[in-house]
Structures are given as structure tokens and as C-alpha cells.
Amino acid sequence: MIDDELRPVASEFISGVLGDPHCESVLLDVREDAIVDSDLSILYLDVIGKRYGCTLTIVGGEYSVSIRDRDTNDTITTVKGREGSWELRELLDEIKTKLWGDK
């Protein structure tokens, strides 16, 4: 299960991108974390905006975010953390700005 503190922040972000006209593609998956061979739930979200793409992964209380250039698929930024909901909220706000903004 995703950490109780991170769940509302992630849910708000997902709801926002699903209804945003700038969002051209959304892939959302929730499953068990096979990578670390555990029964922890994992949330995987891949969003493509007009110029950038973003991948968000949350396992328990840890998260990872990568932003990439849509045209070249080159990774621009990768952030990993477990700082809590406030820091994740700020990070997701920056991602929204990047996804929907100009180059």
C-alpha cells in the first residue's frame, strides 16, 4: 500500500492530469512491486504533455520522478525521495508546470 501521507497528493495529481487538455497520454498502473520481490504496492504513472514526459513511481513511502524531453526521450531530471507529502506536492507542481509549459 502506498504511504498514507503520499496517497492524497498522488491522487490529486493523477486526477488533475486525467482531466487536463494539455495531457496527451496517461498510463497508470498499480500492482505489487516485482522488482524488489516484495508484496508492497507500487504506483506507476507515465504522463506525456506537449513537450515533456514524466514518470512517477511510488513504493510505500518512497517516490521517484523522471522528466524527459518528449522529442528526444532524453532524461532531463530524476528525483528520488522519501521526504513526505509536502515535498512531493511541490515536486508534482513543478512537474505540471514543466509538462504543460513551453520549451
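Tyr63 places a side-chain heavy atom less than 4.5 Å from the side chain of Leu91. When side chains are defined from C-beta on, Leu43 counts as touching Leu45, because their heavy atoms get closer than 4.5 Å.
Within the model, atoms CD1 of Ile14 and CG of Leu18 stand 7.5 Å from one another, a figure rounded to the nearest 0.5 Å. Here Asp69 contributes atom CG and Tyr52 contributes atom OH; the two are 6.0 Å apart, rounded to the nearest 0.5 Å. Atoms CD1 and CG, from Ile95 and Leu56 in turn, are 6.5 Å apart once rounded to the nearest 0.5 Å. In this structure, Arg89 CZ and Phe13 CZ are separated by 12.0 Å, a value rounded to the nearest 0.5 Å.
Under a hydrophobic-cluster definition in which Ile, Leu, Val, Met, Phe, Trp and Tyr are linked whenever side-chain heavy atoms come within less than 4.5 Å, directly or via other members, Val9 and Val65 are assigned to the same cluster.
Contacts of Glu94 classified as salt bridge (charged side-chain N to carboxylate O under 4.0 Å, His left out), with partners at least two apart in sequence or in another chain: none. In this structure, the side chain to side chain contact (heavy atoms under 4.5 Å, CB included) partners of Thr55, at least two apart in sequence or on a different chain, are Tyr44, Asp46, Thr57, Arg68.
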Check the pair Leu88, Leu92 against side chain to side chain contact (heavy atoms under 4.5 Å, CB included), reporting the backbone distance first and the verdict last. CA-CA 6 Å; Leu88 180 60; Leu92 295 178; 3.9 Å; yes
Sequence neighbours left out, cut at 3.5 Å: what donor-acceptor pairs do the side chains of residues 21-28 make with other protein atoms?
from, atom 1, to, atom 2, distance (Å)
His22, ND1, Asp20, OD1, 2.9
Glu24, OE1, Arg70, NH1, 2.4
Glu24, OE1, Arg70, NH2, 3.1

